[in-house]
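Side chains included, hydrogens not; waters and symmetry mates left out as well; all remaining heavy atoms used.
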Amino acid sequence: MTATARQLRMIADPVVVSGPSGVAVRDRLKHLTEQDSEVLRLVGQHLGHLASGDLKARCADGFAHDNQRWAARKREITAESSSRWAGSITKATHDQWALARRAHLAHLQNLERGVETLRARLALPVGEPGRGGVPGGYRSQREWFAKSRRLALLDARLAVVRADYAAGRVRVVRGGRKLLNTRHHLAEAGLTEQQWRTRWEAARWFLTADGESGKKYGNETIRITPDGQISLKLPAPLADLANAAHGRYVFSARVGFAHRDGEWRERVAAHQAVAYRIHYDTGRDRWYVTASWQHPTAREVGLDTVRADGVVAVDFNADHFAGYQLDRHGNPVGDPRRFDFDLAGPASRRDAQLRHALNGVLLWAKQVGVSAVAVEDLNFDAEKTREKHGRRKGFRRLLSGLPTGVVRARLVSMAARAGLVVVAVDPAYTSRWGHQHWRTPLSSTKRVLTRHDAAAVAIGRRALGHRIRRRTTPPRTHQSDGYGHRTVQAGSEVPEREETRRPATDRAPDARRRAGTGTRGTSVSNTVRDTRRNRTRASMLTPAH
C-alpha cells in the first residue's frame, strides 16, 4: 500500500510590516485637591451618560445610519456639552460600533469552524485515527453522542449569530462585559457591592478629547501647556464650576511625561494635534492622563534593501525567543541566542517580561549590524477551537496564552524606535523543515541545536527569499550517480565517507576468460624506464629481420 502524498498549502511571500502610526504616553495626575477630583467625577459622569445614550442610538440605527443621523446625534449632544465634546463622543461611538462588528464577525467564523469540525468528525467511524493534522473520529460512542448534541446546540447558536450579523445588530457593554458579569460573582472576585459599583461607574465615565492642529497647544478641550499645567473645558450644564475664563477649570496638578517628553513638548509648542484621555484607577485611587498623537507616514522600505545586510530571525515560543543571525546569502552566522521570559502573573508583569526580551533581541540586531528582524506572522484563531483540540486542554491553554498580537505590536513599535524593520513571513512548515534540514548540520559536540533554533534559521531564509532546504538537486546531465543523485550528505558515522567511491560491481580476475571474450595485448613501451628486466637496451635497438 503506497502512502498518499500530503498536499502542501500555498506559502505567502514575506512582507515588510508597516511601522506604528501613532504613539501614546501616560503620566499620573499628582497633588489633586478634593475640588479637582470632584470636578473630574462630575464631568466624567455627565459625559459618560451622553456617550451611553449615543451608543444606544447608534446600535439601534444599524445599517440605516447615515450622515443625517450622525449630524442629528451630534446636535443633541452639543446642547448638553459642547461641539468638541460631541465630536469626541460620536467618534468614539463609531469606533466602538465598528469594533463590535469585527468581534461579531470573528465570533461567527469561530462558530462556523466549530460546526464544520464537529460534522466532519461525526461522519467518521468511532475510533478512526486522525491523519495529516486532521482530527479523526471520536473515541467512544458516548463521546460521539455528546458531540452530536453539541452540534445541535451550535447550529442553533450559529443561526442566531448569522441573523444578527446580517441585520447589523451588535451587543456592546460600556464598561466591559467581564466587569458586568463580575456583579454576579462578587465573592469569587473578592469585592463588595459598593466596590464593584465604584469600578463600574468609573469604567463608564468619558473624559476623552481629540486634538486639533492649529489650535492652542493642540487641543481646545483638554489643554496641557508645555510646563505641565492642565485645564479642562467644562460642559454647558457644569459651567458654574469654572475657575478660569471661557468656562475652563484649571487643575492644581502638573503633568510631565517621562517617556517621549521632548517629542511631546515639541508638538505642544508647535500647536500640533495631541489627543488626551483622563481615567481613574479605582484600585489605586489615582487619576492618570494619556497623551497620544500620530506619526507622519513613513516611506516604505523595499525587501531588497532590507535583505542587503542579512536578518536576525526570531522564533516565538511559550517561554522564550529563539534567535539566529543569517547573512544575505541565507547562511547562519555565529551561535544561536535565547531570550527568556515568563508570562505568569498579572498583565503588567507579563508586559514587562515581553518588553525586556524584545529589547534584548533588538540590541543584538543593532550590534551585529543587520537592518531587519524576521518573525512569523502568527495567528492561532483557527487553532483555538475546542472542537479540534477538545481533549488537549494543555495545548489549547498554551495557544490561548500566547500573546501574538501584543508581541507583534510591541516589536513593531520598539523596532521603529531603534531604526530597524520587521519582516513577517508565512509560518507554514518552518519548525518541521528547519528541524529536517538544519538541526543536524549545525549541531556539534559542543553545541546541540534545538528545534526552535532550527526554526529560526528557516524563518530567516524565508525572509531573505531563499528556500529552506540546504541544497537542491542539480540538473540531470550533471548528476554523477545516474538519475538518483544523492541530495543528502553522508553522516559523520559513515566509514570511508571521504575516500574515492568503489566501482559499482567487483569483477574476478578471470572474468573475461570465463566469459569467452578476449582482450587486446599490451603494447610495448618506448621508454627505457618501462623496459622489462629480461631484455637489454641493445636488443631493443637491433632491428628485426
Please check if the side chain of [X] supplies one atom and the backbone of [Y] the other of a donor-acceptor pair under 3.5 Å.
| X | Y | answer |
| --- | --- | --- |
| Arg349 | Ala344 | yes |
| Thr90 | Gly87 | yes |
| Arg267 | Ala273 | yes |
| Arg462 | Ala374 | no |
| Lys216 | Thr225 | no |
| Arg286 | Arg28 | no |
| Gln353 | Asp342 | yes |
| Ser88 | Asp210 | yes |

From [X] [atom1] over to [Y] [atom2], what is the distance, rounded to the nearest 0.5 angstrom?
| X | Y | atom1 | atom2 | value |
| --- | --- | --- | --- | --- |
| Glu112 | His107 | CD | NE2 | 10.5 Å |
| Ser231 | Tyr217 | OG | OH | 9.5 Å |
| Ser52 | Arg174 | OG | CZ | 4.0 Å |
| Leu234 | His246 | CG | NE2 | 13.5 Å |
| Leu238 | Glu80 | CG | CD | 10.0 Å |
| Ile89 | Ser81 | CD1 | OG | 5.0 Å |

Ring pair (Phe, Tyr, Trp, His ring centres under 6.0 Å) partners for Phe206, two or more places apart: none
Any Lys/Arg nitrogen of [X] or [Y] sitting under 4.0 Å from an Asp/Glu carboxylate oxygen of the other?
| X | Y | value |
| --- | --- | --- |
| Asp227 | Arg254 | yes |
| Arg223 | Glu220 | yes |
| Arg41 | Glu201 | no |
| Arg337 | Asp453 | no |
| Lys74 | Asp54 | no |

For residues [X] and [Y], determine if any side-chain heavy atom of one lies less than 4.5 Å from a side-chain heavy atom of the other.
| X | Y | result |
| --- | --- | --- |
| Gln96 | Thr93 | no |
| Leu55 | Val172 | yes |
| Val161 | His104 | yes |
| Tyr249 | Asp36 | yes |
| Leu111 | Arg157 | yes |
| Leu241 | Val43 | no |

Ring pair (Phe, Tyr, Trp, His ring centres under 6.0 Å), paired with His279, selected from Trp287, Tyr288, Trp205: Tyr288
Listed once per pair and sorted, the salt bridge (charged side-chain N to carboxylate O under 4.0 Å, His left out) pairs that draw on residues 87-103, sequence neighbours left out: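 Sorted pair list: Lys91-Asp95.
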Report, as yes or no, whether the 6.0 Å neighbourhood of atom [atom1] on [X] holds more than 12 heavy atoms from other residues, nucleotides or ligands.
| X | atom1 | result |
| --- | --- | --- |
| Arg58 | CZ | yes |
| His31 | NE2 | no |
| Gln109 | CD | yes |

Side chain to side chain contact (heavy atoms under 4.5 Å, CB included) assessment of Ile459 paired with Val375: CA-CA 7 Å; Ile459 294 170; Val375 295; 5.8 Å; no
Tell me the closest heavy-atom pair linking [X] and [Y], and the distance in Å.
| X | Y | value |
| --- | --- | --- |
| Asp309 | Gly369 | CB-O, 3.8 Å |
| Tyr324 | Leu326 | O-CD1, 3.6 Å |
| Val370 | Gly310 | CB-O, 3.7 Å |
| Ala275 | Asn219 | CA-ND2, 4.0 Å |
| Val268 | Ile224 | CG1-O, 3.6 Å |
| Val170 | Cys59 | CG2-SG, 3.7 Å |

Working for side chain to side chain contact (heavy atoms under 4.5 Å, CB included), residues Leu343 and Asp319: CA-CA 7 Å; Leu343 296 180; Asp319 58 351; over 6 Å; no
From CA spacing to verdict: salt bridge (charged side-chain N to carboxylate O under 4.0 Å, His left out), Asp61, Arg69: CA-CA 8 Å; Asp61 290 342; Arg69 281 292 305 154; 3.1 Å; yes
Phe341 and Phe321 aromatic centres sub-6.0 Å: yes
Qualifying side-chain hydrogen bond (donor to acceptor under 3.5 Å, both in side chains) pairs, either residue in residues 355-366, two or more places apart: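 Output for this query lists Asp351-Arg355.
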Between [Y] and [X], do the side chains contain a donor N or O and an acceptor N or O under 3.5 Å apart?
| X | Y | answer |
| --- | --- | --- |
| Asp315 | Asn317 | yes |
| Arg84 | Thr221 | no |
| Glu263 | Trp293 | yes |
| His320 | Asp340 | no |

Residues that Glu376 engages under side-chain hydrogen bond (donor to acceptor under 3.5 Å, both in side chains), provided they are two or more places apart: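 Thr430.
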Distance-only check: which donor-acceptor pairs under 3.5 Å involve side-chain atoms of residues 13-27, not counting sequence neighbours?
from: Ser18; atom 1: OG; to: Glu300; atom 2: OE2; distance (Å): 3.4
from: Asp27; atom 1: OD2; to: Gly256; atom 2: N; distance (Å): 3.1

Chi angles and distances behind the side chain to side chain contact (heavy atoms under 4.5 Å, CB included) call for Asp155, Arg119: CA-CA 11 Å; Asp155 274 332; Arg119 287 176 178 168; 3.1 Å; yes
Side chain to side chain contact (heavy atoms under 4.5 Å, CB included) evaluation trace for His46 with Leu42: CA-CA 6 Å; His46 177 71; Leu42 292 175; over 6 Å; no
Parallel, tilted or perpendicular: ring planes of Trp70 versus His94, cut at 30 and 60 degrees: tilted
Aromatic ring pairing Phe63/Trp97, orientation class (parallel under 30°, perpendicular over 60°, tilted between):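 Perpendicular, since the angle between the ring planes exceeds 60°.
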Return all side-chain donor-acceptor pairs below 3.5 angstrom for residues 188-196, not counting sequence neighbours, or 'none' if the list is empty.
from: Thr192; atom 1: OG1; to: Gln195; atom 2: N; distance (Å): 3.2
from: Glu193; atom 1: OE2; to: Arg183; atom 2: NH2; distance (Å): 3.3
from: Gln195; atom 1: OE1; to: Thr192; atom 2: N; distance (Å): 3.1
from: Trp196; atom 1: NE1; to: Leu179; atom 2: O; distance (Å): 2.8

